[in-house]
Protein chains: 2
Amino acid sequence: MKKNRATIHDIALKLNITASTVSRALNDNPRISDATKKKVLKVAKQINYQPNHIASALRSGKSKLIGVIVPTANRNFFSSVIRGIEELANSLNYKVIISQSYDDFDKEVQTVEALLNARVDGIIASIAKTTENVDHFQKIIEKGIPLVLFDRITNLLEVSQVVIDDHYGAYQTVDHLIKNGCKRIVHFSSNPRINIYHERKRGYEDALKDNGIEVDPKLITFSNLQLEDGRRIMQEIIDSKIDFDGVFSSSDYSIMGALQVLKENGYKVPEQVKIAGFGNEPFTSFTEPPITTVDQKSIPMGKITAESFFELLNAGSSSPVAKKTILKPELIIRKSSINNS
Amino acid sequence: MKKNRATIHDIALKLNITASTVSRALNDNPRISDATKKKVLKVAKQINYQPNHIASALRSGKSKLIGVIVPTANRNFFSSVIRGIEELANSLNYKVIISQSYDDFDKEVQTVEALLNARVDGIIASIAKTTENVDHFQKIIEKGIPLVLFDRITNLLEVSQVVIDDHYGAYQTVDHLIKNGCKRIVHFSSNPRINIYHERKRGYEDALKDNGIEVDPKLITFSNLQLEDGRRIMQEIIDSKIDFDGVFSSSDYSIMGALQVLKENGYKVPEQVKIAGFGNEPFTSFTEPPITTVDQKSIPMGKITAESFFELLNAGSSSPVAKKTILKPELIIRKSSINNS
DNA sequence: TTTTAATATGCAATCGATTGCTCATACTAT
DNA sequence: ATAGTATGAGCAATCGATTGCATATTAAAA
């Protein structure tokens with residue numbers, strides 16, 4: 001019940017030295033002799049000393065905490081990235097606070113505020129879909145706190161960013177659909193303020209153009225890209241009798257919804273309509289037919305994001321290297337998009 | 001670049017009062033007059049004062065942080081529970097540190113250690129599948145730190161726990177399979193040290209018995225319940241020519257694997273084999289056929305878990321109420337388990 | 001008017017670790 | 001032998017907020 005936690009003073013007392021010496025010994029400071037260090041370490045173990053990170057954080061200004069903001073952890077992509085970050089961070093004795101914005105702008109602002117108040121040493125984030133401005137992120141930068149963005153980035157900020165080549169991924173996918181016979185491809189897009197959706201749309205458009213197909217704005221839709229959005233939009237398109245023979249979605253969730261609605265309306269996939277998503281969520285391989293999608297290289301992305309972060313952290317206030325890393329995504333071709341001839 | 005953060009001293013200086021008064025005013029202490037409080041609040045806003053939680057945590061011993069340990073956040077169930085916890089916690093001005101054990105015992109022990117060192121005010125956890133002993137959790141209790149377990153609990157600890165009635169959920173499901181004609185039902189189970197798997201197995205067995213069907217140990221398998229485990233086990237069972245006409249899995253992931261293997265081997269689901277999972281992961285409704293499963297009431301569970309936690313926190317060292325809450329799960333019947341007659 | 005009790009605020013120690021600066025000792029070089 | 005230089009360790013301030021105890025002011029009671 002009592003908090004008889006051992007402190008460096010207890011160690012100091014036992015060894016008849018001062019707390020400062022103990023502190024230095026524990027931190028492997030060269031100013032302390034090996035003999036003393038050994039004794040300190042021994043006593044520390046003996047009395048089960050556990051450093052008080054709070055006290056250390058207060059004095060040193062370093063909390064050894066990294067805040068990670070994701071729209072939702074409940075996504076294979078994000079949780080994989082988080083895992084990559086965690087692995088490197090933990091190995092460097094940093095702890096990771098995961099917070100979710102739930103794709104809500106206000107919540108994102110609050111979260112940044114909260115992390116700043118918790119005095120995290122830095123923040124890694126992927127921006128919410130509904131984010132209207134990036135003042136809250138700007139504030140982080142102004143405070144001189146390291147910030148790295150991944151995947152859902154923005155051009156409005158001068159920070160290190162890690163992304164995949166969304167244009168390339170989308171281009172490859174749409175090109176693949178066209179090569180398999182599609183001529184009228186619907187595209188599910190989202191908030192163009194978010195770079196990735198903008199880039200994917202550009203990839204879609206460029207692939208069409210390069211194949212001599214005109215871009216038809218009627219085929220491009222904007223939504224939150226959830227399953228329900230996919231369902232709704234697909235139904236609307238079917239009802240409106242717009243001619244189409246393919247669907248390329250910026251999200252696996254909405255393409256899933258589209259697939260359901262297509263089947264419910266008697267469309268054969270891939271015979272009549274070919275579809276492809278983006279993200280390589282595990283369930284895309286479970287569906288009937290399995291869905292063609294784009295793998296976002298989440299594990300490497302997590303690793304590289306963390307590396308960029310620590311680079312920034314170690315650089316300190318000097319050389320504000322705003323590095324942008326671009327990974328090549330991989331098109332995963334499955335049955336939903338190919339001619340079964 | 002500079003950390004010109006405002007402190008209570010700055011406020012004190014401006015108002016010609018002391019820091020203690022400012023501190024009390026900010027904390028709405030009744031010993032401070034309303035007039036002073038108002039002035040303090042006004043200046044605080046003016047100079048954009050942000051409280052330093054680290055300092056406050058050091059002095060008061062309260063970090064206002066709750067550690068949440070889950071096997072993986074990348075699961076609809078867990079992320080929903082986390083969301084429930086977060087909502088209540090945030091409304092009470094607590095922050096949540098999410099950490100994942102990745103179902104690894106050692107990692108879980110380390111995580112507990114790390115959270116304790118971060119001086120969290122309490123811990124909410126769901127135990128890893130591979131956990132061999134609960135000494136690390138025992139340590140939390142001994143330190144007098146509030147601990148609440150949810151879903152993956154253990155009987156070895158005298159703590160507040162929140163679970164669903166796994167026996168009931170399993171019983172309902174197996175009974176439903178039997179009512180739809182199954183007589184030889186395979187069961188995918190896992191580490192019986194984890195209560196939920198033990199209970200689900202009991203529910204399975206009791207449903208069989210109550211329907212006059214003998215329990216055949218050959219039909220009960222133990223694994224990690226991942227998709228791959230489901231695939232492997234299903235294939236083994238098919239290869240071994242064991243007679244079966246139904247599968248009830250303690251996890252949606254392994255039943256997904258089983259479904260794939262069944263289809264690959266030419267079995268018709270549900271005509272020849274009826275299947276059901278547990279957890280109501282979103283993808284179970286995407287499959288062909290959609291999979292019958294059990295919903296675990298994740299949102300209420302998160303809410304109730306958090307409530308139990310704060311109850312414990314507020315009780316302090318007095319009245320160590322180890323409350324156990326049991327929620328009723330809901331059988332979600334889909335095509336994979338019903339006669340299409 | 002004096003005493004009593006509220007009421008409002010200040011003083012100073014404290015939480016535990018870190019760190020710039022000082023100091024003592026021992027060793028090297030001149 | 002004496003100045004010069006490492007080397008190892010201590011002193012005391014500090015980080016920013018909290019809190020037990022003391023004090024000053026004012027209002028109510030005697």
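A, B, ... follow the sequence lines: proteins, then strands. Residue 1 opens every chain.
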- Carboxylate-amine/guanidinium proximity below 4.0 Å for B:Lys303 and B:Glu87: no
- Task: Decide, yes or no, whether a salt bridge links A:Lys64 with A:Asp121 under the criterion of side-chain N to carboxylate O below 4.0 Å.
- Result: no
Closest to the [X] side chain: [options]?
X: B:Arg59; options: C:dT9, C:dA13, C:dG10; answer: C:dA13
X: B:Ser60; options: D:dA12, D:dA13, D:dT18; answer: D:dT18
X: B:Ser20; options: C:dT19, C:dG10, D:dT19; answer: D:dT19
X: A:Ile32; options: D:dA9, D:dA17, C:dG10; answer: D:dA9
X: B:Asn27; options: D:dG10, C:dA8, D:dT18; answer: D:dT18
X: B:His9; options: D:dG16, C:dG10, C:dT18; answer: D:dG16

- Message: Can you work out whether A:Ser56 or A:Arg24 has the more 5'-proximal nearest nucleotide on DNA chain C?
- Response: A:Ser56
Does the side chain of [X] get closer than 4.0 angstrom to OP1 or OP2 of [N] through an N or O atom?
X: B:Thr21; N: C:dG10; answer: yes
X: B:Asn52; N: D:dC15; answer: no
X: B:Ser23; N: D:dG16; answer: no
X: B:Ser33; N: C:dT9; answer: yes

- Query: Is there side-chain contact between A:Phe309 and A:Leu313, with heavy atoms separated by less than 4.5 Å?
  - Reply: yes
- Message: Do B:Thr111 and B:Lys107 make a side-chain contact, defined as non-hydrogen atoms from C-beta onward lying under 4.5 Å apart?
- Response: yes
- Message: In this structure, how many angstroms lie between the P atom of D:dA9 and the NZ atom of A:Lys37, rounded?
- Response: 10 Å
